[in-house]
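This report concerns only the one structure given below.
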Amino acid sequence: MPRAAYERMRAAHLAVVRSSLEDHIARLDWSREQIERHQNHRLRALLRYAQECSPFHARRLQGLDPARATISDLASLPMMTKRDAQEQWDAIVTTQGLDRARAERIIAEQQWFSYNADDQQIFSSGGSSGVRGVYVWDWQFFVSAACLAWRTQARAERRAAGPAGTPRLAVLEAGIPPHASTPLFDIATAPNMETVVIAAGAPFDEVLDAVAAAQPTHLVGYPSVIGRLARAASAGDLRIRPVRVSTNSEPLLDEDRQAIRDAWDVPIHNTWGSTEIGVQAVGCGGGEGLHLCEDEVILERVDEDGTPVGPDEPAARTLATGLANRTFPFIRYDLGDQVIPLPGACACGSAFARVADIGGRRDDDFRYGDTTVPAIAFRHILGTDPRVSEYQVVQTATGADILVVGDPDAAALTSALVAMLGRYGLPQRGIQVRVVDGLTRHQGSGKLRRFIPR
Ligand SMILES: [Zn+2]
């Protein structure tokens with residue numbers, strides 16, 4: 001598909017997103033009863049469609065009556081793993097004439113983002129599990145995900161006076177196909193807003209120059225990059241006056257949140273999503289944690305066997321059922337992230353349930369025999385050193401090799417890390433700190449893997 005043709009399709013698509021945002025903004029004021037009624041209707045519609053059009057799901061949904069199903073009936077269905085999704089692709093997809101081989105071909109042959117003849121987009125992502133995923137987003141699913149990603153901010157824009165002059169959004173995402181982040185987040189949410197895409201994986205000096213030149217009033221992107229921009233701003237190396245920051249795709253670490261607060265003192269909307277489900281939760285910018293997008297996604301916290309657990313009980317997995325994805329239904333899909341419900345009402349007044357900010361992933365923790373050193377232990381030391389602007393921790397047999405960007409006291413850092421490993425009971429404690437000019441980000445997505453286990 002030629003780029004110009006893609007841009008025309010995308011403009012038509014974004015026009016639908018803008019009109020659908022009206023409905024989505026109104027949903028933010030829904031009561032619990034409205035949310036739950038909507039969830040049940042949508043769940044029944046999804047189950048019926050999947051039973052009819054997806055051979056994979058038809059098998060798994062045998063014996064379930066979609067006309068009567070409720071959320072609690074989901075517990076009787078098997079879980080769906082990342083491996084299921086990728087290995088059974090052709091049996092899951094509901095579009096005639098689309099299979100995994102064709103989707104792979106589209107990714108390989110497209111020069112830029114593209115739509116196929118059925119108005120679908122094909123995306124891919126590596127993910128932390130190591131299983132490469134290929135995903136299809138149909139027209140309506142993209143509209144849903146875009147509205148979820150932006151409705152909270154769009155409502156806030158309407159309520160606020162807004163910045164003087166033309167609002168401009170700097171989009172610090174992968175910047176290139178096949179990762180979904182750029183099409184999803186390169187979306188203007190206020191009248192007359194301009195957007196500027198800046199590849200987050202470029203050398204930091206280039207990112208810094210591009211952001212300075214763009215003079216954005218709004219930022220969206222990877223928290224590790226925006227956190228670093230905030231530290232540059234606090235150090236006097238970047239002069240911008242953003243009024244709102246949205247983060248996604250990586251865990252928002254406390255140190256990055258604090259750096260953003262210190263630099264600009266603006267609302268931060270953290271987003272938790274996945275290429276499979278789209279957007280699962282978004283922070284309101286006021287209260288703690290993230291509000292679940294319960295109108296489009298059903299989440300279940302379950303034990304190892306897939307049995308739901310109570311809000312106060314620990315869960316082994318988080319399963320998601322995406323209510324908007326008809327072309328590739330995900331029903332009880334294991335997201336690999338762990339969520340912790342937040343009790344009580346949010347100060348913003350929303351009836352949508354909240355979860356705590358999604359921390360590092362489970363596989364960020366390093367295991368040495370019977371001893372586990374959590375990623376947070378490294379973060380506490382590396383993330384709070386003002387002379388460390390970025391870091392990567394690579395596990396070794398007896399400790400870790402640590403790459404650091406900045407101007408730290410490497411000897412002091414090394415002894416602090418060795419002492420920390422000692423507190424966790426590691427017999428030998430091998431720490432090597434190397435100061436480097438830059439870190440290698442994932443080539444396709446531009447994401448930084450901060451913790452690399454052996
Ligand atoms: Zn809230």
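Order of listing sets the numbers, starting from 1, for every ligand and every atom in it.
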(message) With rounding to the nearest 0.5 angstrom, report the NZ to CD distance, Lys82 to Glu276.
(response) 4.5 Å
(message) Please tell me whether Thr81 and Asp84 have a donor and an acceptor in their side chains that are separated by less than 3.5 angstrom.
(response) yes
(request) Could you tell me which residues satisfy ring-ring contact (aromatic ring centres under 6.0 Å, His included) with His38, sequence neighbours excluded, listed by chain and number? (result) Trp30
(request) Before accepting this row, confirm whether a basic side-chain N of the pair Arg158/Glu22 lies closer than 4.0 Å to the acidic partner's carboxylate O. (result) yes
(message) Does this structure show an ion pair linking Arg48 with Glu52, if we count only N-O contacts that are shorter than 4.0 Å?
(response) no
(message) Let's test this: below 2.8 Å, count the protein N/O/S atoms around the Zn ion (ligand 1).
(response) 4
(message) Just by distance, no angles: are the side chains of Asn248 and Glu173 close enough, under 3.5 Å, to form a donor-acceptor pair?
(response) yes
